[in-house]
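Encoded as structure tokens, the structure appears first; notes follow it.
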Amino acid sequence: MTELSDHRERLLERLLAQRGLGGRQSVPRRPEGAVVPLTGNQRGLWLTGRLGLDAGAYAMFAALRIAGDLDPERLREAVDIVVDRHEALRTRIVDDEGTPAQRVLPSLSVPVVVTDLDGSLEDLVVSEVDTPFDLEAGPLVRVRLIRVAPGSSALVVTAHHIVCDDVSLGQVAREIGDAYAGVALEPVGAQFPDYAHWQSGRLADGERQRQLDHWADRLAGAPEVLDLAADRPRTPNRTVAGGSHRFVVPAALTGRLAELTRAHGCTTFAGLLAAFSLVLARRSGTDDLVVGSPTTHRPFPELERSVGMFVTTTALRMDLSGDPTVAELLARAKAVAVDALDHAEVSFDEVAARVAPRRDLAHHPLFQVMLVLNRGGGAGRWAGLPAEPLTVDRGTSRFDLTLHVRETDGDWPANLDYSTDLFEPDTVARFAEQFLTVLASWTAGSRLSTVAWTTEADRVAAELLNAQPAPDGADVLTRIAEQVRAHPDTTAVLEVGGSSLTFAELDRRANKVAHVLADLGVGPEVPVGLALRAGADAFVALLAVLKAGGAYVPLDPAHPPARLAGLLADCGAPVVITAPGSRDRFGGFHGALLDTADDAFTGEAGEPPVFDAHPGRLAYVIYTSGSTGVPKGVQVQHDTLANLAGAFVELHDFGPGQRILMVPPLSFDASVGDVFPAWCAGAAVAVHPEPAAIGGPDLLRLCAEHELTAVDAPAALWKRWVADLEGITDTGGPLRVMMIGGEAVPPAAVAAWAAATGVALVNHYGPTETTVCATAYRTLDAGEVDARSATLPIGRPLPGVRAYVLDADLRPVAVGVPGQLHIGGRAPARGYRGDPARTASVYLPDPSVPGGRMYATGDLTRLLPDGTLEFLGRVDDQVKLRGHRIEPGEVRAALLKHPRLVDAAVAVRSDTLVAYVVARPARPRRSWTSCGRSAPSTCPSRCCPAPGWRWRNCRSPRTARWTCASCPSRWWTRSRTSRRARPSNGCWPRSGRRCSTRRWSAGTTRSSGWAGTR
């Protein structure tokens, strides 16, 4: 905001009158010999230099390409004239009895360095600008003349920001040109050192406190960090490494913006601030954000042509809540800008010290994005010669993102400076397009929720994501029957260490049981309880239920009888099939109870019962744990099951004679993705009696012994296998593909797996409510994944499945921007059994399939530039701790970079950040402190748990998975006055045991549990 508006004079008069500065007041000349203190903003720049953090970052420059040859001597005379006019240009910063002060030299000759170009002009300009200044020795202004070619010159005027702001530097460049041309210069008016001397007395008289109180109130509760969907996580120590993306705001859009702002009594700056804030809000998912902006404070007319550091950086807090109209947002932006101008005398450092005394080196305090509007400076004339500004990319960025716009006649040049620690160039280019889209699409009366901000490229990327056609939609029973006819003697079921069934045997036995079930009333839409461990009898029963037209309901026979009874009552199953030894677990069941010792399971039949095979009929009901603790019965129909089977056969290249090891139990829907694709392809399903007990080397031996070509396992168990195989290479076995799912996977683990086995890996993603799997990502060693990525992508939708990344208002988000994943097409299940209200709340209309539905997964994802989806965590998994928004997944990924750790989970417990970690058991037990250091090395301090305890195992023995929910909710701290550990909440576990914990470091708390705190 280095320029205000066309009605700047009237605005200043009103503000000055309100603060008792109206009338004919002017800046008084300072007394002779008076010490000139630094302004607050100058003090901040001086301190930055003293700490060695300047490195040329605070050098202001004006670079011009001039059509003509310049006379060096004449140029030196012009520079001397201008330097002599402005005391700020003759100022150096000295130490006055321990306090920095400005000392104005009575005269100063600034040398003009003349250079003949030999190489890149831009590199030479960057070198000139990046050369640091010596604040104490001076001079704090430099001039270089570059002879580019005959008839072509470049002029670079550089000054330290401590004596010159952007407006002042433009004034200096113009005056040098006028003096060179012999044009008489207008009187300067007041000098900046006089203003600094006057302002110090004014602020000492209570005005400083008034303004600081205002800023403290204005910024109270503002978010400390604006997360802009960066390409990489924020590092604990930000750097100024940066890049710049140049673009143009076309004249058609600038005219539209000017018309809109004029109609609502706003400045151009207010309009840009509103549009910029809207894009920031969409990318960050927040309606409360803070944008930094340089604000010029020249309260008196005689300061208009003065040179000095009149700019202060202000924190503009924008409120986009309530879905306002564009006109209302403009009014808010205008009010924020005027309010900032009225309180712009205190420095940013003073405001930051008052509002955010705790500094985090990972980000700039109060705000991380900035908006800068300048006026003029386009192509024109300098000293009567044609001239145009030189654009230079200095490779630095003090903020995450800075939007520079220069208001000129016609098109407005603009550029986005960005931190290369966070962003890729393509991401910033998309941001610029989104900004232009907002300017093109908004109208005064439109609500923000209706303003388009995604670009045509974003829309094309979303369409390409869903471009795969649906596979053959043949019913799974039809496809299995085809395999029975084509490969009757091929193995269909293999029990490791037990019996096996061919396709013909499986078919005939299932037909027999299906007739018995039909006689018991089983048909379409009738559920049948299946309480069996995976094996030959269980697969016969499962297929029999479908052949009778019914829907199977897998139940874990190890569950308590009360739970089994509750599930059966909920689904309304009239028949249960179980093992002979489990009949007593269903004593209260009043329907038909079959067990695998019945004659039906030993007989055979040539044909199954006949029924109306509608594709939308129910296939199975899977019960999942609900967030309320009450299991939810997810009903899945045959048409989506058929789509899954066809897609999986194609994705994994299943075929006759292959064998797939199924690790998940039947009560987990992942088993569906093994059984039906395998049988539809003529492959066998293999099961192991204790899959969670298999080690990494055991797995490879098992595959070799039983000719297993594919394995499906939870990601947690697979990661354990990877750890077991460290240092082992065995690439000659029959295993062709490893299928995993259930949780995020680090690319490093994939690379380790590939090194040990050479086996391709497919990462599955999908909630039960979307028929097992909705997206998949296939890779060999994850070599194509960005090395800085924390997790393997979840890939693209399966054929026939549609994926939408949407914001909270169900609007598509841009590429790279997080949003909730919604799954449509041929994936959504029918819904929750007996719970239409819950079903309606999460199954919404599919925006691109007439009459279709999509499921709101609750998972936070984003579409990557390469067209794959990245899983970020749960929408409700983001947590806030002392005002900071924290992604537990980011902390977990940082922890897992430590070589001793195999797994981790992160949560907030009682306003404490807690991490639970599992270590490699074979490693020596050194101090656990080093594990904690793996987070601070890659995460900001707010994301780092503190030292504490570890838990040896929080996993389910059946699924090998664990989360924070399965870990202890209590942790212990050691008193400073006692060596006896005590629980942090003052309570001991009821058992009196300490959850098999082991103390690993003094401090507040952590876990392997480390139950780590912040």
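When atom types are taken as modelled, the side chain of Thr454 and the backbone of Val813 share no donor-acceptor pair closer than 3.5 angstrom. In this structure a side-chain-to-backbone donor-acceptor pair under 3.5 Å is present from Ser306 to Ala190. A distance-only check finds a donor-acceptor pair linking the side chain of Ser293 to the backbone of Leu371 [under 3.5 Å]. Under a 3.5 Å cut-off, the side chain of Ser127 and the backbone N or O of Leu124 do not form any donor-acceptor pair. In this structure, the side chain of Thr254 does not engage the main chain of Leu257 through any donor-acceptor pair within 3.5 Å. Panel note: side chain Glu136, backbone Val94; no donor-acceptor pair is recorded below 3.5 Å. A donor-acceptor pair is defined here as one N or O able to donate and one able to accept, closer than 3.5 Å; no such pair exists between the side chain of Thr261 and the backbone of Gly271. Here the side chain of Arg142 pairs a donor or acceptor atom with the backbone of Glu128 at under 3.5 angstrom. No donor-acceptor pair closer than 3.5 Å links the side chain of Arg103 to the backbone N or O of Val36. A donor-acceptor pair under 3.5 Å links the side-chain atoms of Trp215 to the main chain of His343, judged by distance alone.
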Test log, rule side chain to side chain contact (heavy atoms under 4.5 Å, CB included), inputs Thr312 and His297: CA-CA 7 Å; Thr312 186; His297 187 263; 5.5 Å; no
side-chain hydrogen bond (donor to acceptor under 3.5 Å, both in side chains) assessment of Gln434 paired with Arg283: CA-CA 10 Å; Gln434 291 154 7; Arg283 291 189 64 90; 3.1 Å; yes
Derivation of the side chain to side chain contact (heavy atoms under 4.5 Å, CB included) call for Leu75 and Leu155: CA-CA 10 Å; Leu75 181 59; Leu155 179 65; 3.8 Å; yes
Criterion side chain to side chain contact (heavy atoms under 4.5 Å, CB included) on Phe423 and His245, from CA distance to verdict: CA-CA 11 Å; Phe423 297 106; His245 172 75; over 6 Å; no
Trace of the side-chain hydrogen bond (donor to acceptor under 3.5 Å, both in side chains) decision for Asp421 with Thr235: CA-CA 8 Å; Asp421 291 344; Thr235 57; 4.7 Å; no
Worked check of side-chain hydrogen bond (donor to acceptor under 3.5 Å, both in side chains) between Thr455 and Arg430: CA-CA 8 Å; Thr455 66; Arg430 285 193 295 271; over 6 Å; no
side-chain hydrogen bond (donor to acceptor under 3.5 Å, both in side chains) between Asp417 and Ser244, worked out: CA-CA 4 Å; Asp417 291 340; Ser244 186; 3.0 Å; yes
Stepwise side chain to side chain contact (heavy atoms under 4.5 Å, CB included) check, Thr313 with Asn41: CA-CA 8 Å; Thr313 301; Asn41 293 294; 5.5 Å; no
Full working for salt bridge (charged side-chain N to carboxylate O under 4.0 Å, His left out) between Arg65 and Glu388: CA-CA 5 Å; Arg65 181 75 176 265; Glu388 62 181 8; over 6 Å; no
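Checking each of Thr158, Ile162, Val311, Leu169 against Met60 for a side chain to side chain contact (heavy atoms under 4.5 Å, CB included) leaves exactly one that passes, namely Leu169.
The distance from atom CG of Leu260 to atom CG of Leu253, rounded to the nearest 0.5 Å, is 12.0 Å. Leu416 contributes atom CG, which lies 9.5 Å from atom OG of Ser397 (distance to the nearest 0.5 angstrom). Between the OG1 atom in Thr91 and the CE atom in Met309 there is a gap of 13.5 Å [rounded to 0.5 Å].
For residues 171-180, every residue pair satisfying the salt bridge (Lys or Arg N to Asp or Glu O under 4.0 Å) rule, not counting sequence neighbours, is listed here: Arg85-Glu175. For the salt bridge (Lys or Arg N to Asp or Glu O under 4.0 Å) condition, the pairs that include at least one residue of residues 105-127, sequence neighbours left out, are Asp116-Arg147.
Scanning for side-chain hydrogen bond (donor to acceptor under 3.5 Å, both in side chains) contacts around Asp194 gives Arg29, Arg30, with sequence neighbours left out. Listed by chain and number, the residues in a salt bridge (charged side-chain N to carboxylate O under 4.0 Å, His left out) with Arg232 are Glu424 (sequence neighbours excluded). Here Phe367 pairs with Phe348, His364, Phe399 under the ring pair (Phe, Tyr, Trp, His ring centres under 6.0 Å) rule; sequence neighbours left out. Partners of Trp442 by ring pair (Phe, Tyr, Trp, His ring centres under 6.0 Å), not counting sequence neighbours: none found.
In this model, no donor atom of one side chain and acceptor atom of the other lie less than 3.5 Å apart for Asp400 and His363.
In terms of heavy atoms, Leu226 sits closest to Arg234 at O-NH2, 3.9 Å. Taking all atoms of both residues into account, the shortest heavy-atom contact from Ala352 to Leu366 is CA-CD1, 3.9 Å.
Cation-pi geometry between Arg298 and Tyr195 is not met at under 6.0 angstrom from the ring centre and within 45 degrees of the axis.
For the pair Ile93/Gln102, a side-chain contact is recorded, criterion being any heavy-atom separation below 4.5 Å from C-beta on.
The pair Arg76-Glu73 counts as a salt bridge, with a side-chain nitrogen and a carboxylate oxygen less than 4.0 angstrom apart.
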